[in-house]
Amino acid sequence: MRTSTSAWTLSLACLQSIGVLGLVQGRSRIHKSGLPTQANHTQTFPTEYIELAVNQFEDEGNKSGTFLSRFWVRDDAYKPGAPIFLFDIGEQSADGMDSILLDDKHIFKPMVDRYKGIGIVWEHRFYGNSTPVNISISTPAESFRYHSTDQALADVDAFAWSFSRKNISYDLSPVSTPWVFVGGSYSGMRAAFMRELYPQTIYASFASSAPVQAQIDMSAYFEPIVRGLTKYGYGNCTKDIHAAIVHIDNILDTNETASSALKEQFLGLGAANNTHSTFADALAVTFDSWQTLGAKGELNDFCNWLSMDPECNTTAPAEGFAPTKGAQFVVDRWASYSDFVPWVNATFSTNCTGSATEVGDCNLDQPFTDPDQIAWTWQICTEWGFFHSANLGPTQLLSKHNSLAYQSSICHRQWPHASPSLLPPWPAVTNTNALLGGWTMRPSQVYWSGGEFDPWRVLSPLSGEPWAPRPVPFTEPPECGVEQGEGSIFGYVMEGAQHCYDFDMGTAEGERSRGFWYKALDRWLGCFGNDGLGPEMQDGRGKARRRGVGRGKAKRGGLSQARGVRRW
């Protein structure tokens with residue numbers, strides 16, 4: 001929920017196996033924190049499917065055909081009238097994610113148990129086994145025509161109105177049962193959008209770390225990293241990284257021979273043929289662990305290395321080593337860090353050697369081959385932008401060659417023959433915000449949360465950036481059906497936290513955030529009634545876009561062999 005320095009790997013979702021809100025080479029960095037990895041998973045719940053229209057907004061007749069969408073259900077603790085909680089996996093395969101239905105260390109199971117409800121794990125269209133087409137490097141742009149956020153939101157709407165259980169006689173449709181959408185990162189965005197566009201379907205939403213504002217330039221992603229590292233005592237590291245990047249850019253701009261030597265110093269023989277932009281993108285992998293792990297992860301180890309003089313065994317002063325030892329000292333230290341080349345190889349699916357004597361396969365300019373990365377790249381390139389270009393200025397961490405133009409080129413590298421009507425020259429972010437609401441939306445019965453140093457918060461309604469709307473957050477739950485104006489928002493920014501920190505049961509600030517949510521949900525569930533209709537339906541203020549209620553046809557069992565199972 002990663003993307004190269006871009007938004008490619010955005011996997012904006014909150015799973016440790018990624019990372020949605022990352023792709024690779026132009027990765028959009030939403031990493032999925034708080035969800036289990038898929039390795040050695042033993043499936044606990046039966047896989048179920050619902051048949052859905054490929055084009056949810058087509059006139060009845062479904063000329064576009066149908067596909068099967070995958071989900072898992074836990075209903076053993078259900079009490080009649082209790083809520084249904086839907087956890088959206090977001091922009092990745094949901095293989096193995098049914099385990100969160102039994103995981104006490106993840107937010108979802110304790111939430112479902114608290115209210116004696118039904119828990120559903122939901123897979124997004126075009127990911128995992130919920131795709132109308134087989135996705136590969138050769139899948140043409142035309143196949144992704146109906147791969148969009150609004151189509152996927154309509155999938156959830158159709159599913160909710162079709163859902164039932166053979167062992168439960170109680171009406172489980174949104175008429176009689178409150179549906180609660182839970183998501184983080186991209187799925188947190190979807191939680192808010194469902195409440196904005198389908199308030200008669202989704203009764204309440206938990207939107208964690210949700211950057212709902214589509215924006216092409218997301219260079220601000222790196223500013224919370226600078227602030228966080230500085231707060232945690234690594235200001236010397238950020239200053240030296242900045243000095244090294246400025247020095248690297250000077251080399252790349254002035255001397256081709258030195259530029260080739262620089263690329264090989266970092267990545268080994270075979271790296272010199274990469275463009276300045278792809279090399280710059282590779283340097284940015286240094287920061288990929290921040291949004292999930294903060295200063296406790298890989299970046300902590302890197303900064304400890306960068307800020308240590310191996311000859312004198314001394315730590316860099318507050319201003320870093322560059323003012324006294326020179327920027328080249330810092331560049332050399334960075335290039336000699338043992339984990340750097342493995343980071344690059346893991347991110348770009350390359351085999352750079354890092355060696356001055358051994359030639360490696362170090363072409364960083366390749367299209368994606370992973371189906372989930374391809375699917376997320378389509379959404380980034382057509383709808384969301386989220387291009388992680390260089391944060392130029394006094395706190396710059398990325399080379400200026402990692403530009404918006406380079407980030408855009410990744411889209412057209414993936415689908416070089418796509419028509420502009422399908423793949424626009426730049427992501428259609430204005431249309432996306434007009435359709436879905438952007439960061440000024442204030443649907444009722446939504447709780448927003450974010451981390452103080454979460455890079456994705458810069459495009460959330462909780463953003464503290466000077467150019468953002470900056471509504472005043474409050475934590476006393478609003479009354480049922482009450483929307484806020486643009487100047488205030490029901491939400492909480494977790495101190496010292498990064499991405500989706502309230503999905504992990506092991507943090508005090510996460511517990512505090514969940515407390516605000518539970519207090520609100522207790523209040524809101526008390527209002528559900530009057531034949532099950534929420535406040536929007538009762539007073540006529542609904543913004544319903546739902547079409548074709550009851551079209552979904554739930555199925556249990558496996559897909560045909562031809563559809564295949566895709567794993568990350």
Side-chain angles (χ1 to χ4, degrees), residues 149-150 153 178-186 188-215 220 224 384 429-452 454 456-495 502 512-528 530 533-545:
T149 301
D150 64 330
L153 295 172
W179 279 66
V180 180
F181 197 113
V182 182
S185 197
Y186 173 54
M189 295 159 57
R190 284 164 47 75
F193 297 144
M194 284 300 299
R195 184 66 191 146
E196 173 76 4
L197 299 177
Y198 298 97
Q200 83 291 2
T201 302
I202 298 300
Y203 185 69
S205 287
F206 187 122
S208 176
S209 296
V212 293
Q213 178 74 3
Q215 185 165 298
W384 291 107
V429 296
T430 300
N431 291 343
T432 300
N433 290 329
L435 176 67
L436 302 178
W439 58 9
T440 59
M441 76 163 97
R442 297 292 184 272
S444 65
Q445 287 157 222
V446 173
Y447 172 67
W448 305 81
S449 68
E452 180 183 7
D454 178 6
W456 287 101
R457 187 166 69 91
V458 299
L459 293 181
S460 158
L462 295 173
S463 176
E465 303 306 309
W467 36 268
R470 301 181 69 176
V472 178
F474 64 92
T475 55
E476 181 60 30
E479 297 294 334
C480 300
V482 175
E483 299 180 357
Q484 293 89 61
E486 291 187 11
S488 63
I489 188 167
F490 176 52
Y492 179 65
V493 178
M494 293 172 280
E495 183 178 354
D502 43 14
R512 183 173 174 82
S513 175
R514 291 189 297 273
F516 297 133
W517 158 249
Y518 285 134
K519 185 176 180 181
L521 189 57
D522 288 346
R523 171 175 291 182
W524 297 337
L525 290 176
C527 299
F528 191 84
N530 297 328
L533 300 181
E536 289 79 8
M537 294 295 282
Q538 294 169 27
D539 62 18
R541 292 189 293 112
K543 308 167 192 172
R545 284 185 12 182

Discussion item. Using side-chain heavy atoms (C-beta onward) and a distance below 4.5 Å, is Arg195 in contact with Ser444?
Written reply: yes
How many angstroms lie between atom [atom1] of [X] and atom [atom2] of [Y], to the nearest 0.5 angstrom?
X	Y	atom1	atom2	value
Leu435	Glu196	CG	CD	10.5 Å
Tyr203	Leu521	OH	CG	9.0 Å
Trp524	Ser205	CH2	OG	8.5 Å
Trp439	Arg470	CH2	CZ	11.0 Å

Locate the shortest heavy-atom distance separating [X] from [Y]; write the atom from each residue and the value.
X	Y	result
Pro477	Lys519	CG-CG, 3.7 Å
Glu452	Arg457	O-NH2, 3.1 Å
Gly491	Thr475	O-CG2, 3.6 Å
Leu436	Phe193	O-CD2, 3.5 Å
Ser488	Pro471	N-CB, 3.7 Å
Val493	Gly451	CG1-C, 4.0 Å

Discussion item. Could you walk me through whether Val429 and Gln215 satisfy the side chain to side chain contact (heavy atoms under 4.5 Å, CB included) test, starting with their C-alpha distance in whole Å, then the side-chain angles of each, then the deciding distance to 0.1 Å, before giving a yes or no?
Written reply: CA-CA 6 Å; Val429 296; Gln215 185 165 298; 5.6 Å; no
Worksheet item: Around Glu495, counting heavy atoms of other residues, nucleotides and ligands shown, do more than 12 lie under 6.0 Å from its CD?
Response: no
So if I apply the side chain to side chain contact (heavy atoms under 4.5 Å, CB included) rule between [X] and each of [options], which one comes out positive?
X	options	value
Pro461	Arg442, Glu486, Met441	Arg442
Met189	Pro211, Ser209, Ser460	Pro211
Ile489	Thr440, Val446, Leu462	Leu462

Item to complete: Assess the side chains of Trp384 and Thr149: does a donor N or O sit below 3.5 Å from an acceptor N or O?
Response: yes
Worksheet item: Has the side chain of Asp502 got a donor or acceptor atom that lies under 3.5 Å from a matching backbone atom of Arg514?
Response: no
Worksheet item: Would you say Gln213's side chain and Leu459's backbone share a donor-acceptor pair under 3.5 angstrom?
Response: no
Practice prompt. Sort out for me which residue in Tyr492, Trp448, Phe206, Phe490 forms a ring pair (Phe, Tyr, Trp, His ring centres under 6.0 Å) with Trp517.
Written response: Phe206
Discussion item. Could you walk me through whether Phe474 and Gln484 satisfy the side chain to side chain contact (heavy atoms under 4.5 Å, CB included) test, starting with their C-alpha distance in whole Å, then the side-chain angles of each, then the deciding distance to 0.1 Å, before giving a yes or no?
Written reply: CA-CA 10 Å; Phe474 64 92; Gln484 293 89 61; 3.6 Å; yes
